[in-house]
Amino acid sequence: QVQLVESGGGLVQTGGSLRLSCAASGRTFSFYAMGWFRQAPGKERDIVAAISGSGSGGSSTYYADSVKGRFTISRDNAENTVYLQMNSLKPEDTAVYYCAADADPWLQTITSKYDYWGQGTQVTVSS
């Protein structure tokens with residue numbers, strides 16, 4: 001069982017930056033693939049970024065087209081934490097952001113394949 005706790009959300013102006021953190025419990029964090037998702041009111045939960053786990057034999061990342069060049073996902077396995085650095089924020093980035101873990105290590109972009117979810121953190125970008 002893995003527990004995930006997100007932090008770092010808040011209110012920021014257009015063009016600003018935020019860094020989200022997701023602290024994970026458990027000894028096998030480094031093995032898991034991790035992802036960041038977001039859900040705006042009335043919309044589906046969509047993937048934002050993902051990163052592979054140590055069991056995949058390498059380090060791979062994925063970004064949604066809407067955030068490429070602006071967001072960066074990273075992980076610190078020693079700290080059991082995954083981060084999402086968000087720069088050049090836009091009003092359309094406003095959403096609840098969720099961290100998720102996949103018990104398999106390979107890069108995963110499909111929402112339903114993730115096994116564990118955090119409670120979410122609100123990000124609001126004002127125009």
Residue pairs, two or more places apart or on separate chains, that pass side-chain hydrogen bond (donor to acceptor under 3.5 Å, both in side chains) and touch residues 100-115
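Passing the test, one end in residues 100-115: no pairs.
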Straight-line distance of E44 CD to Q39 CD, nearest 0.5 Å
8.5 Å
What's the separation between atom OH in Y116 and atom CG in L4, rounded to the nearest 0.5 Å?
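It is 9.5 Å, given to the nearest 0.5 Å.
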Just grab all the disulfide (SG to SG under 2.5 Å) pairs involving residues 17-106, residues at least two apart or on different chains.
C22-C99
Would a hydrophobic clustering, with Ile, Leu, Val, Met, Phe, Trp and Tyr connected at side-chain separations under 4.5 Å, put [X] with [Y]?
X    : Y   : result
I51  : I47 : no
V2   : L20 : yes
L107 : Y98 : yes

Got a sec, which residues hit side chain to side chain contact (heavy atoms under 4.5 Å, CB included) with S25, two or more places apart in sequence or on another chain?
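Here the qualifying residues are Q3.
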For P105 and A33 the tightest heavy-atom approach is O-CB, 3.6 Å
Is the shortest side-chain heavy-atom distance between [X] and [Y] below 4.5 Å?
X   : Y    : result
T94 : V123 : no
V96 : T121 : no
Y97 : V48  : yes
L84 : R19  : no

Is there a donor-acceptor pair closer than 3.5 Å between any side-chain N or O of S30 and the backbone N or O of S54?
no
Within the side chain of D46, is there an N or O that forms a donor-acceptor pair under 3.5 Å with the backbone of F37?
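Flag not set: sc D46 to bb F37 has no pair under 3.5 Å.
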Please list, one pair per line, the donor and acceptor atoms closer than 3.5 Å that link side chains of residues 61-76 to other protein atoms, with sequence neighbours excluded.
residue: Y63; atom: OH; partner: I73; partner atom: N; Å: 2.9
residue: D65; atom: OD1; partner: K68; partner atom: NZ; Å: 3.2
residue: S66; atom: OG; partner: R38; partner atom: NH2; Å: 3.4
residue: R70; atom: NH1; partner: S88; partner atom: O; Å: 3.0
residue: R70; atom: NH1; partner: D93; partner atom: OD2; Å: 2.7
residue: R70; atom: NH2; partner: S66; partner atom: O; Å: 2.8
residue: R70; atom: NH2; partner: D93; partner atom: OD1; Å: 3.0
residue: R70; atom: NH2; partner: D93; partner atom: OD2; Å: 3.4
residue: R75; atom: NE; partner: N77; partner atom: OD1; Å: 2.9
residue: R75; atom: NH1; partner: Y32; partner atom: O; Å: 2.7
residue: R75; atom: NH1; partner: S52; partner atom: O; Å: 2.8
residue: R75; atom: NH2; partner: F29; partner atom: O; Å: 2.8
residue: R75; atom: NH2; partner: Y32; partner atom: O; Å: 3.0
residue: D76; atom: OD1; partner: A78; partner atom: N; Å: 3.1
residue: D76; atom: OD1; partner: E79; partner atom: N; Å: 3.2

Salt bridge (charged side-chain N to carboxylate O under 4.0 Å, His left out) contacts in which one or both residues fall within residues 1-13, not counting sequence neighbours
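Of all non-adjacent pairs touching residues 1-13, none passes salt bridge (charged side-chain N to carboxylate O under 4.0 Å, His left out).
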Can you give each donor-acceptor pair under 3.5 Å made by side-chain atoms of residues 11-18, sequence neighbours left out, with the distance rounded to 0.1 Å?
residue: T14; atom: OG1; partner: S126; partner atom: O; Å: 2.7
residue: S17; atom: OG; partner: N87; partner atom: OD1; Å: 2.9

